[in-house]
There are 2 protein chains.
Amino acid sequence: MQANALDTIGTFNAADKALFEKEVKIRHVDKGEVLLREGMVANSLFFNVNGAAFQYSLSPSGAENITGLYMANEWFYNPSSLAAQTPSHSFIAAYVDSIVLELSIQSIHTLIYKSAAFFQFNSLIAQPTTGAYFFDNTLTPIQKYAYILEHRPALLQVFPLKMIAAYLKITPETLSRVREKLARAD
Amino acid sequence: MQANALDTIGTFNAADKALFEKEVKIRHVDKGEVLLREGMVANSLFFNVNGAAFQYSLSPSGAENITGLYMANEWFYNPSSLAAQTPSHSFIAAYVDSIVLELSIQSIHTLIYKSAAFFQFNSLIAQPTTGAYFFDNTLTPIQKYAYILEHRPALLQVFPLKMIAAYLKITPETLSRVREKLARAD
DNA sequence: GTGGCTGCTTGATCAGAATCAAGAAATATT
DNA sequence: AATATTTCTTGATTCTGATCAAGCAGCCAC
């Protein structure tokens with residue numbers, strides 16, 4: 001299962017994969033378990049082997065602001081906290097019981113030291129996590145939902161529409177109407 | 001002038017600065033000159049010594065979509081093209097005659113090889129360029145403009161309001177009304 | 001089962017920003 | 001200097017999505 005995680009990043013040979021398996025930790029996390037807490041400095045990347053996880057921040061009013069929804073075979077982490085080593089503004093938690101891989105920064109440094117192939121992690125760390133920044137304010141609610149249907153339909157099997165709506169920065173009412181409209185159009 | 005560029009990234013000793021000065025190229029660019037063209041793979045970071053630059057992409061309809069405005073003493077580049085070594089979707093051009101420093105990826109690798117201090121460039125590359133991602137769709141036009149007034153007022157001295165509006169993803173009419181409203185409030 | 005909670009839908013209203021339109025001011029060109 | 005072009009402002013209208021409100025369905029606990 002660890003090989004999957006590497007395959008999503010680039011090409012690695014058998015020796016690299018063996019090095020990786022020695023560094024990575026396999027964690028069984030319970031529904032609701034927190035992997036990164038607001039105020040902590042992110043020290044690891046995570047890879048979702050199976051299950052589901054989500055990232056969110058709390059607004060002053062206490063509302064959950066969802067910034068990421070993660071399915072199987074996706075890496076997830078807080079890029080800004082990790083890269084700049086500053087306290088996280090967000091939480092990352094498992095949404096259902098999950099198996100995740102955890103790879104610390106120290107491990108990445110060790111891996112890069114042992115094999116140049118692991119430089120490929122730089123481009124992973126440099127990129128915003130899955131889909132999160134696709135949703136700038138130029139997209140309409142229909143386009144946002146169409147993007148989910150097109151690229152990440154599995155989200156709809158796992159997360160309630162309420163959370164999808166929060167992730168897309170639209171209200172549940174608007175999402176409901178968008179779905180009705182698209183269903184009618186088919 | 002090269003030292004300024006390093007100071008914005010972290011702490012470097014005299015030997016590091018000397019190494020840096022040997023790698024960096026000083027370029028005099030004319031108004032309108034293109035530093036990165038759509039379709040090319042970004043190979044350099046730029047630092048604006050003086051002048052002004054901007055980043056933009058062309059939508060299918062041909063409209064200019066401004067994604068970055070850069071002033072003196074700011075680094076600018078295309079993070080996604082640079083990190084992933086994929087073709088750029090955007091252009092970077094000088095807005096006025098400018099002096100910029102250019103630092104290639106190869107130079108960064110050379111510098112890192114010669115001094116561990118240059119690892120600090122990783123966190124620069126990993127971060128979205130100045131202010132660009134502050135404008136997610138949770139901010140109102142007033143908040144967006146207030147952010148500019150607070151953090152980057154110099155933009156207003158150099159770029160026409162039309163471009164500021166495009167950068168903020170609002171119409172020029174809305175920007176004009178926001179300015180009128182804030183001026184009245186003072 | 002009944003009651004209560006949560007998630008989802010549907011309707012009515014409201015507000016904010018885009019669009020459409022015109023004119024004024026500033027800048028560039030000749 | 002005169003004209004042309006671009007930028008900025010102001011007004012009227014429209015439209016999209018948020019908000020407010022109510023009702024329904026599914027699910028859990030008791």
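In the text below, chain A, chain B and the rest are named by the order of the sequence lines, each starting its count at 1.
As a whole-Å value, the separation of A/Glu173 CD from C/dT9 C1' is 9 Å. For the pair B/Phe159 CZ and C/dT27 C1', the computed distance is 18 Å after rounding to whole Å. Taking atom NZ on A/Lys162 and atom C1' on C/dT9, their separation rounds to 15 Å, with Å as the unit. As rounded to whole Å, 12 Å separates atom P of D/dC15 from atom NZ of A/Lys181. Between B/Leu139 atom CG and C/dA17 atom C1' there is a gap of 15 Å when expressed in whole angstrom units. Rounded to whole Å, the distance from CD1 on B/Ile164 to P on D/dT7 is 13 Å. In this structure, A/Arg177 atom CZ and D/dT16 atom P are separated by 14 Å, rounded to whole Å. Atom P of nucleotide C/dA17 and atom CD1 of B/Ile142 are separated by 7 Å, given to the nearest angstrom.
Checking the phosphate oxygens (OP1, OP2) of D/dA18, a side-chain nitrogen or oxygen of A/Thr171 falls inside 4.0 Å. Not one side-chain nitrogen or oxygen of B/Thr174 sits closer than 4.0 Å to the OP1 or OP2 atom of C/dA17.
Under a 3.5 Å cut-off, the side chain of B/Asn48 and the backbone N or O of B/Met71 do form a donor-acceptor pair.
For B/Phe54 and B/Tyr56, the gap between ring centers is short of 6.0 Å.
One cannot find a donor-acceptor pair under 3.5 Å joining the base of C/dC8 and the side-chain atoms of A/Glu180.
A/Glu102 and A/Lys25 are not joined by a salt bridge, as no carboxylate oxygen comes within less than 4.0 angstrom of a charged side-chain nitrogen.
Note on ring orientation: taking the six-membered ring where Trp is involved, the planes of A/Phe118 and A/Phe20 are parallel (angle under 30°, cut-offs 30° and 60°).
Using a 4.0 Å heavy-atom distance criterion, B/Leu175 is classed as making no nucleic acid contact.
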